[in-house]
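Residues take their numbers from the sequence shown, with the count starting at 1.
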Amino acid sequence: MQQADDATESALAAGERTTTHTTRLGGEDVSAQVQSWQVERSYATDLPAAMRAFSGSSAAQLQVQLSGTGGVSAPELYAPWAERATGDIARPGQSVVHRGGVGATALPAFRGTVRSRSAQAGTDTVQLTALDGAERLRGPALLPKPYAGFNYGRPVATATWCVDELLRQAGVLTAPPARYPDFVEGQPLTLIHSSLHGGFAAPYGQPEVLPPASSYTWTRDGAPHEMALLPKTTGVTASWFPRSRVTVPGTRLFAEAWVNPALGAGDTVALELLLDRTGAARGSLRMEVNFAEGSVRMVSATVDGAYWYFQWNWAGLRGLKGPWHIGALFDTTGSTGSSVYPTVQPRLTGPDGTHYLGGVGTYVETYGLQYASELRELKLTTDMAVEGVQLTHGLSAMPASAVFAQTGTWTKGAELDDAILPLYAIPRVSGSQWEAIGQIAKAGMSTAEFDERGIFRWRNHTWFSEIPAEAALTLTSVRDIASLTLTEEIDACRNYVVQPAKVWEDFGAAAGTTYTDTVVRTIPANGTLTVSYVMAEEEFDIGPPTADDDSVVTAGSQVRFATTAAGTTAVKGAVDVLTRREDGHLVVRFSNRSSQPLYTATKTGTPSVYLMTLKPKADPVERPATAYTAGTPSERFYGRQEHTGETTDWIQDLTSAQSLADALYAAGLYPVPVIGDVEVLYDPRVQLGDVVRLTDTSGTRLDTLAWVIGINTTATADAGVRQTLTLRGTRRNGDPADADLTPDAPADPVTVTLSTYASVTAAFPTLSALTSSGFTYGEIKESAYV
């Protein structure tokens, strides 16, 4: 329920009938012109009406009738062809905020945008229809297609992560967004952004190394913003490929994450940039934070070789437990040659808002030297809860504290539930973002809605897994309930539940579609070259190809850059390679950072661009999860009643399928009386999903808890406010007793007296007599002649 002030609480307790409302269009108060209004919100569930369960999405709708003002009619002011100076306040897409209440105080009732307006000539009324935040989710649904999940046999995402990503695309955020998501020439670019809100998948960048599922969980309690990766052991590792393989020397890279050292198996966390050098050699730039020691260490190294580091010691790291924001700037722009001594600097913000900025350190020892290379991946190694891993390229300097915190750049507009439905391959989605979220809600028995304040809320099937113990509000027939109808039907009984799952049993990846370039391409000095390759929607994502040299040939996607079209000399660390999917194509952008033209040529002078997609080694197998217990009173009284859930790509393991089957079985084991639409005394605090207690002493003898799954509130100038609730019962009314009853059998066959052998022989003493009678065997057996 919504929180209300003392005045509203007192008015409701006293049964106050005087109501109030405010309505704003485009930020302007038009309350005095409102003739009538109606707010309707309900879950679009397809479960049986009497089942103790519900799911689905809810898009609230507001209808308002406006009159004119200042002697000018409403159609003249607000009709579609009205002057823009007055008409734009009611145009489709315009903001709408509505509040309603009792007494003198109004509570939030609706926040959204105008969807349609209708004006009839000769009247003083314009009718507006508005939709809540679901209207913001009308963009095309797009989800990444990483291959790491089926390649390693480890979950790469969850259904919850997919909902969070679809929301992010529409600007509905649960945590700070990517700093520079869009590619703009000459501007910084987000190379990797992984929210870790229930998955390792990323809209920018691509997961490569995934930890075993047994080594971590997802937590909302204590997460810096919404949800975090929570290690069960020390040293949990994950890594991501960037969407652009930028070059070293010549770039600034800023790595960051949100962590909580109060949660986890240990005290350290590290962000490491791995660099592809010539041959099989690798460089490393790493930030290590040890909260037990209160130290931050910045390392420049050769992987499996020598290294050098700077260290900063801050006592605050040891004493403050809670959400920390950690960041590290690695600057390799200080050289024009083929190697560089990086400059590094850390920045941290503590849970109390204290800023820690380390001094600038530039390596001078050979151990810290970085050679010509391309960025390969960002690796996270953590003992503690982590959220919002991000890597940014192209910053001009260390971000200031406010920029680091992204202050004022975002507003939290959504709340998630615990992560459910682990995914080894993210299913394809179609339609709008809202439609895709609705599909996920249906598959996962979850609910999706925007509340009265415009905050999106996602809740999974644990809502109805347990019967609630108490109500937020009690409604009685003595005062609150105007009408009430109860119905009981057997269709709600589901005591044999089957939930299919598309189970991944044979993990691994195989080569998919390949693309071999047909021409040697020229990349101008200090210039760019963009090439598009046709790529089907069902293909899994390809990261930027690895730049090979003459001492190594990379498996999978690769390219070789040479100083001549004949492929004379291979070049490393000179070309940034960026890939993105766009309108059925894979777009590859080559940016030459050197002062000479370069060519995509092998050492024999043939085209060197080779792209290869990966696909699952085997398709998933459909397996059923069944919830059933033989011999229950439910089966004895109601018979066996079967329910088979929809087969969907969103359920990819038997554990998830069994969890859903068990929840539905528990919810449908006994039919729950259907509580018809209940007209009640208007209460602006009631929200979808609330648990209310119904007490009726006037005839139905009802005293039970119920979930609110629909609310319809209507107000007119002459009839006040009417509120109708759609409810779902939370419990059955006990086992049938059938006291002093002897139920009739299900069948009543006609009683037939059969002839005996003695009676037949008495009627037909001889065989010839029996034969001459002409009777069939059946007639003799059942005949009245015998």
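- Residues meeting the salt bridge (charged side-chain N to carboxylate O under 4.0 Å, His left out) test with E288, sequence neighbours left out: R286.
- Applying the ring-ring contact (aromatic ring centres under 6.0 Å, His included) rule to F540 yields the partners F150; only residues at least two apart in sequence or on another chain are considered.
- The ring-ring contact (aromatic ring centres under 6.0 Å, His included) search around Y147 returns none, not counting sequence neighbours.
- Under the salt bridge (charged side-chain N to carboxylate O under 4.0 Å, His left out) criterion, R136 pairs with no residue, sequence neighbours left out.
- By the ring-ring contact (aromatic ring centres under 6.0 Å, His included) test, Y363 pairs with F310, sequence neighbours left out.
- Within the structure, no pair that satisfies the ring pair (Phe, Tyr, Trp, His ring centres under 6.0 Å) test touches residues 175-198, not counting sequence neighbours.
- In this view, E539 and T513, T613 satisfy the side-chain hydrogen bond (donor to acceptor under 3.5 Å, both in side chains) rule, not counting sequence neighbours.
- Taking the six-membered ring for Trp, Y341 and Y367 have ring centres at least 6.0 Å apart.
- Applying the salt bridge (charged side-chain N to carboxylate O under 4.0 Å, His left out) rule to E387 yields no partners; only residues at least two apart in sequence or on another chain are considered.
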Per-pair distances, 0.1 Å, donor-acceptor, side chain in residues 523-531, under 3.5 Å, sequence neighbours excluded:
none

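- Applying the ring-ring contact (aromatic ring centres under 6.0 Å, His included) rule to W324 yields the partners F291, Y356; only residues at least two apart in sequence or on another chain are considered.
- By the neighbour-count criterion of 12 heavy atoms within 6.0 Å, atom CH2 of W314 is densely surrounded, having more than that number from other residues, nucleotides or ligands.
- Aromatic rings from F404 and H325 are positioned such that their centres are separated by under 6.0 Å.
- Remark: R277 pairs with no residue by the salt bridge (charged side-chain N to carboxylate O under 4.0 Å, His left out) rule, at least two apart or across chains.
- Among residues at least two apart or in separate chains, salt bridge (Lys or Arg N to Asp or Glu O under 4.0 Å) pairs with a member in residues 543-552 are D550-R560.
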